[in-house]
Amino acid sequence: METKDLLKKVRKIEIKTRRLSDHIFSGEYHTSFKGRGMTFSEVRQYQYGDDIRAIDWNVTARYNEAHVKVFEEERELTMMLMVDISGSESFGSKNQFKKDIVTEIAATMAFSATQNNDKIGLILFSDEIELYIPPKKGRSHVLRIIRELIEFQPKSRKTDIAQALKFLSGTQKKKAIVFVISDFMSEDYEQTLKIASKKHDITGIRVYDIREEKMPDLGMVSMLDAETGAIELINTGSKAVRMNYEKQYRDKVNYFKETFSKSGSGVVNTRVDESYVTKLLSYFKSR
């Protein structure tokens, strides 16, 4: 992609997602995700209704008047965006690819974190770690993340969510807010998610297309597997073939929902033709 075109795309996404984060998400994000704890702020005179356990007895003795310690939430957090860039993310049937919505969601989350002065890091993954950007603050850092989301070309087209979660656990030693954004057409990540969720606050955001849910009856069709590159001749006219496809799809979706719920992690499902804004706001308010 030419630099001029890339900058235009980055700017377009920034304008849209920053408006969302400024006016809608930043407040919800702040109340949904708590800081690491309470830190000492100041000492002031005791007022009626104050908790007597907060009295600073040394200052009270010095001034011969009751004073209390005031604490405030230690707000600074780290957000990690874990984004699936495997071949299946390039699917789309409603004028937008899944990866376009994924980029918008990631950018919106990043700007929401920036509004709260939090650090943001990025992990792009397929069946390997394609790119890792350590957490930092600031607009220029967020714009770099958006650039990578738009133009990064993965080496592999397959998916391994377990591998990505292992990498997260290995690199992030302190608690982080983690958004895993994927279509979750993968399995065998239950154990690694269980381990990672003990330390981190994890939310899985599943982005999918309505055309993936059912196979249409089109007769004999050549189909490309986006993750393996293999082309197969499929008899979509066979009811058994269609039912088998739909079962495999449902099994992976159910595995995602059950695995995340069992680990205590959050779950968001959004179709490419739906408003992810509504879905995310609803999720934040339910926390």
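Any value given below was found using the heavy atoms of this structure, including those in side chains, with hydrogens, waters and symmetry copies removed. In this text the structure is predicted, and so the values were computed from the model without any measurement.
Of the candidates R271, R250, K98, K98 is the only one forming a salt bridge (charged side-chain N to carboxylate O under 4.0 Å, His left out) with E212.
Atom NZ of K12 and atom OG1 of T17 lie 12.0 Å apart (nearest 0.5 Å). Rounded to the nearest 0.5 Å, atoms CD (E190) and NZ (K262) are 4.0 Å apart.
When hydrophobic residues (I, L, V, M, F, W, Y) are linked wherever their side-chain heavy atoms come within less than 4.5 Å, the members clustered with M220 are L233.
No more than 12 heavy atoms of other residues, nucleotides or ligands shown are found within 6.0 angstrom of NZ on K194. Crowding of I15 atom CD1: a count of heavy atoms from other residues, nucleotides or ligands under 6.0 Å exceeding 12. Other residues, nucleotides and ligands place no more than 12 heavy atoms under 6.0 Å from the NZ atom of K119.
Between the K99 side chain and the I85 main chain, no donor and acceptor come within less than 3.5 Å of each other. With hydrogens and angles ignored, the 3.5 Å screen pairs no side-chain donor or acceptor of T259 with any backbone N or O of F256. A donor-acceptor pair under 3.5 Å is formed between the side chain of S112 and the backbone N or O of T108. Between the T236 side chain and the L218 main chain, a donor and an acceptor come within less than 3.5 Å of each other. Between the side chain of E130 and the backbone N or O of K155 there is at least one donor-acceptor pair closer than 3.5 Å. Put simply, the side chain of T270 never gets that close to the backbone of K279: no donor and acceptor are under 3.5 Å apart.
Judged by distance alone, the side chains of T159 and S186 never bring a donor and an acceptor atom under 3.5 Å apart.
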- Task: Evaluate side chain to side chain contact (heavy atoms under 4.5 Å, CB included) for M79 paired with F179, printing each intermediate quantity in order.
- Result: CA-CA 8 Å; M79 175 192 285; F179 291 100; 3.7 Å; yes
- Task: For the pair D201 and K175, evaluate side chain to side chain contact (heavy atoms under 4.5 Å, CB included) and give the outcome as yes or no after the intermediate values.
- Result: CA-CA 7 Å; D201 187 337; K175 181 179 179 179; 4.1 Å; yes
- Query: Between V102 and F97, is a side chain to side chain contact (heavy atoms under 4.5 Å, CB included) present by the stated rule, with each step listed?
  - Reply: CA-CA 9 Å; V102 166; F97 294 118; over 6 Å; no
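Considering only residues two or more places apart in sequence or on other chains, Q45 meets the side-chain hydrogen bond (donor to acceptor under 3.5 Å, both in side chains) condition with E65.
You'll find the side chain of F111 reaches within 4.5 Å of the side chain of E14, heavy atoms only. A 4.5 Å side-chain heavy-atom check between L20 and Y276 finds at least one atom pair inside the cut-off. With contacts defined as side-chain heavy-atom distances shorter than 4.5 Å, the pair D183/V207 does not qualify. Counting heavy atoms from C-beta on, the side chains of R44 and D50 come closer than 4.5 Å. For the pair R242 and K214, the minimum side-chain heavy-atom distance is 4.5 Å or more. Using a 4.5 Å heavy-atom cutoff, the side chains of H67 and V43 are in contact.
By the 30° and 60° cut-offs, the orientation of the rings of Y245 relative to Y249 is parallel.
Ring-centre distance between Y189 and Y255: below the 6.0 Å cut-off.
Residues E151 and K9 are not paired through a salt bridge, judged by the lack of any N-O separation under 4.0 Å between the basic side chain and the carboxylate. Ionic pairing of D51 and R53 is present here: one or more N-O contacts between side-chain nitrogen and carboxylate oxygen are shorter than 4.0 angstrom.
Transitive grouping of hydrophobic side chains (ILVMFWY, heavy atoms separated by less than 4.5 Å) keeps I202 and L280 in distinct clusters. Linking Ile, Leu, Val, Met, Phe, Trp and Tyr residues whenever their side-chain heavy atoms come within less than 4.5 Å places I120 and I181 in a single cluster. No chain of hydrophobic side-chain contacts below 4.5 Å, direct or via other Ile, Leu, Val, Met, Phe, Trp or Tyr residues, connects F125 to L122. Taken together through direct or relayed side-chain contacts under 4.5 Å among Ile, Leu, Val, Met, Phe, Trp and Tyr, L81 and Y132 form parts of separate hydrophobic clusters. Under a hydrophobic-cluster definition in which Ile, Leu, Val, Met, Phe, Trp and Tyr are linked whenever side-chain heavy atoms come within less than 4.5 Å, directly or via other members, L143 and I150 are assigned to the same cluster.
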Scan the side chains in residues 161-171 for donor-acceptor partners under 3.5 Å anywhere in the protein, sequence neighbours excluded, and list what turns up.
unit_1: S169; atom_1: OG; unit_2: L165; atom_2: O; d: 3.3
unit_1: T171; atom_1: OG1; unit_2: F167; atom_2: O; d: 2.9
unit_1: T171; atom_1: OG1; unit_2: L168; atom_2: O; d: 3.4

